[in-house]
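Here the structure comes first, spelled out in structure tokens, and everything after it is commentary.
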Amino acid sequence: MNAPFPLPPRVPGTDTDDIVIVANVSRHFGGRRRFLSGVAAPVVRAVDRVSFRVQRGTCFAIVGESGSGKSSLARLVVGLLRPTEGEVTIDGVPLSTLDSAGLRAMRRKVQLVLQDPRASLDPRMTVFDTLCEALTVHGLHRERTERLDRIKTVIGLVGLNLAHLGRYPHELSGGQRQRVAIARAIICEPEVLVLDEPVSALDVSVQAQIINLLADLQAKLALTYVIITHDLALVEHMADAVGVMYLGRFVEQGDVGEVCGAPRHPYTQSLMAIAGHSAPISRDRPAPVLEGSIPSPLAIPPGCSFHTRCPLARRLAIGATTVVETADGRVPRPCAENPPPSLPAPGGRSTATCHFADERLPDFDHRSNIRN
Amino acid sequence: MSIMPNVLSAPERAAPVDAFAPQSRWLLLRRILSQPKGVVGLTLVTLYLLLAIFGPMLAPQDAFRQNFAQTLRPPSAAHWFGTDQLGRDVFSRVLVGARATLGIGVGGVAVAFLVGVPLGVLAAWRRGWIEAAVMRAIDVMLSFPDIVFALAVVAILGANMQNVIIAVGIVAIPVFARTARAVTLSILAEPYIEGSIALGANPVRVILRHVLPNISGTLLTLSTLLFASTLLSASGLGFLGLGTQPPFPEWGTMLGESRSYIRSHPYLATFPGLFLAVSALAFNLLGDALRTIYDPTSRRVARRPPILSLLRRRPPPGEAQQQSAEKATDLAVSVRGLRIAYRTGEGLLEVVRGVDLAIRPGRTLAVVGESGSGKSTLLRAVGTLVNPQEVAITAGAIRIGGEQALGLGPAALRDLRRRKVGIVFQDAASALNPVLTIGNQLAEAVTAGSRLDSETVRQRCIALLRDVNIADPERRLDMYPHQFSGGMKQRIVIAIALAQNPEVLLADEPTSALDVTIQQQILVLLTEIQKKRGMAILLVTHDLNLVARFADDVAVMYAGRLVESGDVASVLERPLHPYTQALRASAPGGSEGRGRHLRTIAGEPPLIGRLPSGCSFRPRCQRSANRAECASSEPGLRAVAGRDVACVFAEEATR
Amino acid sequence: MRNLRRSCYVAALSVGVSIMALQVQAQPAGTLRIAVGADPATFDPAFNDLPVGNAVDLAVMEGLFRLDPQNNVQKNLATDYAFSPDGKVFTVKIRTGRKFSNGDPLNAEAVAASFNRMLDEKTGSIYRGLYASLGTIKAVGEDTVEFHLAEPNGHILMLLSNTAASIVNVKALQAMGAEYGRKPVGSGPYMVEKFIGGEGFRLVPNPSYSGDYPATLKAIDFTVVPEDGSRMALLETGSVDVVERVPPESMPAINALKDAKVINPPSMFSINMEMVLRGPLADPRVRKALNLAIDREGITKGILGGLGTPSVGMVGPGTQDELRKTFPPIAFDPEGAKKLLAEAGYKPGQLTLSFTCPTGRYIKDSQVCQALAGSFEDIGIKATPIVVDRGTWTKVVGMEPAQRTDNMGIVGRATAGMDYTLYRLFFTGVGANRTGYTNPRVDALLKEGRAATDPAKQKEIYGEIQNIVWSDQPFLFLWYQTQALGVANRVQGLAIQPNETLVFDKVTLK
Amino acid sequence: MFVLKRLGSALPTLFAVSLLVFLFVDLIPGDPAQILAGPTASNEEIESIRKFLGLNEPLLTRYGQFLRGIWDPSAATSFRTHRPVVVELSERLPNTLIVSIGGLALGLVVGTIAGIVCAMRPGGLADAAITVLTLAGISMPIYWLGLLCIWLFAVNLGWLPAAGASTPAHFVLPILVIATRPAAMFSRLVATSLLETMGKDYLDTARAKGLSETRVVLFHALRNSLIAAVSVAGVQFGGMLGGSVVTETVFGIPGVGRLLVDAVSRADYPVIQYAILMFAFFFVVINLVTDLLTQWLDPRTRDQERAI
């Protein structure tokens, strides 16, 4: 544990500016036969053929509801999960070429910050121990003074002071804890930070502090962010590119300005409508409501997986000739039967995976008829 | 770094007491000693340990010296505990036997611990076939009656102290392995384990540095509890003739040997028996005390002071009469001067410090605030659901639908709750009883306080489910909560709340556990129902977006007080209190623009009971800037520009 | 031989008189309730190894001979007997017209079948070895049984009067299988009415009995309670009339009862520490020293609570008393013991001995063990008592002397006669001689004694054997156990044999 | 169906137990033949008894014989009584079941009530009293307690018979004594999990419906808190059976436990083996019952099982 771990060499020819490359990655859970009973557990397709690239120094956001697979995707990027198929390449090194020790060494470059700082710090370790552990694990700064210097630097970077070093997590406030979590993540000078809902567990007033801190750190340390969130406002504020996830797949991805400014997929459109940052806000203009809830990943609907809730499909079905009667209402035949194509936007800076990506979203009635 | 100075100047926060907290040995000791059973247990255990160490030296006589002329003598000055069947001094034997007895307990537990814990941790860590194999092996061991198992082990290995230790240790292995596996599994599910793995730590490190320290509390507790049962197992072996070797004294064997004298010479069994039972008791007490510390579920609330229980019975003094003069009857909810405090070990801690609220029928009032601002406690108090053993309403009045809600007897209280109040909690999953069908839980709400035939009840339940837009209600009645999605569960909770046509619906963050798309559905549903039934809604939330969309009025709460309240349009569009302003501004997106720094409120919300003097928002307030007025007294609400604001300098914002 | 026969006649006559008186007196009346400590798993005489079982066998079956409470041999089914001149055939005449309780005739054939069944290897009887010398048994006519002996044996009457030699109904046994052990079909005055495993059983009069010991009780109820304290409680609460095995500490409490007392009949059970005659114990001075080191009086009074008397011979009272020889008690002389040890070349603390004791087998066995260890320490021997469970103890004391790792072991013996006991214990190289004792003179005498049928000759031979063994001291002779039973005052006429068998012949209830 | 499946999955456990029991018993010191033959027997006699008992057969053959005894009672007979072991056990089983199930049931009822009392007023006088009593209950060697009970109730007060099993009254004391442990344990379990449940929102939901506090506790809270308690109780039943060994000895009850102790002291291998196997079987059955009970109490587990 004391020797600095050599990082694996880059694969030649992949020396691009894309520090994270996720190529056609899938991750399925279950399906294994159970011990003794021999019954195969059902397969959950948590992540299904997802691809994206993140440019060095930028921020990529993954947006989705719970159950969409966004947390699994984050863990695939960090290498905590091995993909069932596809390849994750970090800084030119395909993760599949690494053994478990190599993966551990690679984590110096890719760090994960979790949602709930209260739970993500070991309650029995002081801030100092927590920070030290990161250095010990990677065999960095083994000299005591060097180590102290590094810890001092980092603690200052995240806006804490030396007095906090001797404290235990429960002696810190939520915001301070998240600062510690961030400090632990950056102490080994990583290049990529994967942030899993970094502010959603915090109080409103503290959220803004952390968001600002993240922005400062990115600028200062030239970090690359992959941020997982359900909050489109945060995406618009922080991210350069975004992937909107629904049932394990990206339904729309691309440049934030384009995806958020002019969403083409009906799901993104609904999310944007709900986000409702447009002031002035008032109850006289109720936001459109999306029907039903996200289906179980055990039973992903055929065709376009969004068709069970898609307002656009409902609307289109009214005039269409090829209509299928489903349990959730009438939808155009392609939606219910064919996987949707990924259509690039006219500008080419985003794609939407929808049969009718370029149809205009109708002003649908928000009165919902719930079936699930 | 603009935020740094603010953070550094933030007031030092005191450590809240936390059950999961790591602590120095002294802290653990303090917490053991704070419980009566901990004091007794620890004292006795310490005494026993001293006895085990010094016992043989203290023995006044040779514990092995036989004297056939002096057998079976009752206690006397020469032999405090009498003599045994060989004429040996029982007192000396008890003292000398302490070491062997406690040695068996310690040894047995150590054997079980050293084998069981690694097995359990391994099973939890590796899962798969290893886990299956370990669990099967444990099943096999458990299916042997333990005394029989120990009997066989001693019979095979031979009866001596070492083998007795091994036997009682082996018997206890399954318990350790099972517990270790269970707690390890729960620890492994903790995010900090994933955090450590994500950091690049290898498995050995994760187990040694993170898993073991965190399961140690539970295992320590278990060890003390098992210590007692190990002693008893060993004594059972002695009873069956397979205990330690005579003549060496050991309490269990002494007790077993003397059991035939229980009638003729009762003192012979009494002393070793007492020492044994009391040692088991001592370790059980200590274990219990430790469990109370480590097991959050066994934490007990502070005892209710008798005086306060009297207070609860009658209306709070003073204001109640005064308020009745107002036309409170027009209001669905009227709260005046409400003060609520938690009962803690250090006395009462105020969480709500004088709140006035009024909701007219058909209107929605949103209470907005950060965690710890007291908003949820306020809501529960209005719903008459605060637990009087934990929470005291020290002053003020609550009227619901014109009726006094405080100081009611149990029957009147039930009646009020049934007729006037419906409540919706944040977590629908925990708001529904997992073991009862939806139909059952709805029917309970429908029939409470009335007698209806079952068909009527059923129809009424179906109608309620329809009201909350649940399709196919007939079938759903027989389903259990876990068979529904989160959004559906929340609808059911709403249906239950609506069962008796309440005048006011209390909603505590009803959507914050739900996905955005579902949130929307639920709130729209609530609004529709409100329109239909004309009831008042008290909505507690931290999400200004929701307030803007769904509330008529808003009350912003900070540190147990309202700092600004009024109708939504005026408060949110032109907030006057610096806190409301900051809240509005700190949300990302919208007007702030991408990539720019957000405006932040410096520091963190204050802790209950540790409020700064003067205006409680003062340390975080940019407007205050060390003005003396802010520090001198806490500003009350006053009407400014169409709303109430609690800020001395509210007018500055209107300019 | 003639003397013995005569004495038997006399005894039979006197018994006959008293029985006639009883027959005149009364019909069976009253229920005797007894609590016993051991659970008799079977009454099949081929397998029974408990005194309770003996008592039941004595009551529900008949043998050719039987022992009276004084341990004298009486004729029972037998009417006459004789040895062939070469001593190889033993002929017994039996009474005719007797029946088993199920109506089967009890004739010579049934008697022969009963013996042959026990001696059959396939039966697996635990007494096959004891009775092996009986050879083969033939029925001659209705009333004559011939034992074609495997070797001449002058002790056959002793063997045949044991309850293990009770006559079983082989036909019924074959039909019932193992159940026979619970409800044996015999020809005795009682029969087993019901048997509940582990709980108890009940004897009721056998209506078809026509012998000399007719039933006097309407029923005898046995309850099995292994825990001493609980068993005593039954007598104290008046739930039973007799309790077996009263622990010494409970005796005062029972004697204090208004309507019950403890009786202490003698027992043939002889407790000794049997030495392994190797190493230090091969030296007779050491053995003598050990024998001198023990305060038998102190231990029997202090620990056994009086339930023992210091040994005065190698077999206990009641073991063929006419052949038994007693000696002056061994003195308690620690100083003499130390001297002897010094003579043998052991300074204090130099000699180390270990010995094996069972726990829960004999009265206060594990405590006795500790007391003995203390006594040895007192004469400067480092003594380690090894107290083990019954299984281990059996294994250890049953080992060949060469395999033993300890030096001595406590063994208690109540045996079937002088020849059997002494031959097994002291004949060189016999399987049961676990001390490794060997003495050519003793071997020769034992052979001679076995073949001798003349009582006077027997007395002389066995007297010499006992003299030699007593002076060789291959055992640490300890004590004879004394029985202790709690008996309610309303019970009259209860007799207990030295082998701890209860005899119900004359029991009546007030 | 579920029951069958569960029993099926328990078969490997039982098989492992049978193997272990067999080997275990074989390792117990003491030669059954030697014990039967007595101390005066010669080697040849012991050998012949060994042969008769089949102890000279190879281990595997004897294991086969042991397994055969499961469906062919005559294949496994007691060394002492020569009766089929299955018959011996089945005669004694009712007593053991009466005592252990009676004790368990009584303990559960008393423990549950005590637990509710504790949880209703944590820190109150009743809580303290029950805590001390329960702790004392589990701190006392069971045989001591048994003997004291005999002394008090049978000898001094004369209310109940001291020992034996002939009338229902004989079972009162053993059941009382054996109930102490489950009562103590259960009262703590119920109190703990009830306290945990008391903080749940659904109780407030129930209160908001206007239900009485009694109904809230008994109908809503107790059922949920029993789930945890029941599953622990199942595991503890094994210990209860073990406790019956001691209790039966003290109270002179002819049960399987005492049969086992006797068999151990006499090296009656077949009886030991089958008695332990039977205990194991009961453990499995009790666990199954516990699972069914948990399922009945907790619908969530039902669906899990269905999904698998």
Side-chain angles (χ1 to χ4, degrees), chain C residues 35 38-39 41-42 44 47 49 121-126 128-130 132 177-179 181-182 196-200 223-227 229-234 236-237 239 360-361 388-398 400 411-413 415-416 420-421 424-425 430-434, chain D residues 28-49 51-53 74 77-84 87-88 91-92 95 143 146-147 150-151 154-155 158 161-166 248-255 258-259 261-262 264-268:
Chain C
D39 183 6
T42 176
D44 185 340
F47 299 109
D49 56 351
E121 197 176 356
K122 281 191 214 105
T123 305
S125 167
I126 58 175
R128 194 171 145 258
L130 178 61
E179 288 305 317
R182 308 191 128 190
I196 304 171
E199 181 177 331
T223 310
V224 181
V225 182
E227 179 67 23
S230 317
R231 197 167 59 248
M232 297 311 122
L234 286 181
E236 291 175 59
T237 56
S239 313
R361 183 88 177 82
V388 293
D389 61 293
R390 188 175 156 154
T392 313
W393 169 77
T394 318
K395 198 174 186 83
V396 171
V397 298
E400 294 292 330
V411 181
R413 296 178 191 276
T415 58
Y420 182 80
T421 310
R424 296 234 159 183
L425 294 182
V430 154
N433 178 351
R434 309 288 182 199
Chain D
I28 290 180
D31 179 351
Q34 205 170 19
I35 290 178
L36 282 172
T40 333
S42 69
N43 293 345
E44 305 76 55
E45 289 160 25
I46 293 168
E47 194 51 36
S48 115
I49 293 175
K51 214 170 126 197
F52 171 73
L53 296 177
S74 64
T77 54
S78 158
F79 286 173
R80 273 181 85 205
T81 65
H82 308 279
R83 305 170 78 228
V87 177
E88 293 274 0
E91 280 178 7
R92 310 270 189 129
N95 289 326
Y143 58 88
L147 287 169
I150 290 181
W151 186 46
V155 179
S166 41
E248 285 169 10
T249 307
V250 170
F251 289 100
I253 293 169
R258 223 182 83 203
L259 185 68
V261 172
D262 282 355
V264 168
S265 77
R266 302 212 158 225
D268 196 344

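Below, chains carry the letters A, B, ... as their sequence lines are ordered, and counting in each starts from 1. Since the model is a prediction, treat every value here as computed from it, not as a measurement.
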So which residue, Ile150(D), Ile35(D), Ile49(D), ends up with the most heavy-atom pairs under 4.5 Å with chain C? Ile35(D)
Side chain, backbone, both or neither: which part of [X] has a heavy atom under 4.5 Å from chain C?
X	value
Gln34(D)	both
Glu88(D)	side chain
Arg258(D)	side chain
Ile46(D)	side chain

Side chain, backbone, both or neither of [X] within contact of chain D (heavy atoms, under 4.5 Å):
X	result
Glu199(C)	both
Arg361(C)	neither
Thr123(C)	backbone

With Ser78(D) via side chain to side chain donor-acceptor pair (under 3.5 Å) - residues at least two apart: Thr81(D), Asp268(D)
Taking side chain to side chain donor-acceptor pair (under 3.5 Å) as the test, write out the residues that go with Glu121(C), two or more places apart. none
Check the orientation of Phe47(C) and His82(D). Use parallel for under 30°, tilted for 30 to 60°, and perpendicular for over 60°. tilted
Of the listed residues ([options]), which shares the most heavy-atom pairs with chain D below a 4.5 Å separation?
options	answer
Ser230(C), Ser239(C), Ala233(C)	Ser230(C)
Thr42(C), Val225(C), Leu234(C)	Leu234(C)
Val397(C), Asp49(C), Asp39(C), Val430(C)	Asp39(C)

Are any of the side-chain heavy atoms of Arg182(C) and Arg83(D) separated by less than 4.5 Å? yes
Please determine whether a side-chain nitrogen of the Lys or Arg among Arg424(C) and Glu45(D) lies less than 4.0 Å from a carboxylate oxygen of the Asp or Glu. yes
Which heavy-atom pair separates Leu36(D) from Arg80(D) by the least distance, and what is that distance? CD2-CG, 4.2 Å
Nearest heavy-atom approach of Arg92(D) to Gly197(C) is NE-O, 3.4 Å
Just checking, any donor-acceptor pair under 3.5 angstrom between side chains of Arg128(C) and Ser48(D)? yes
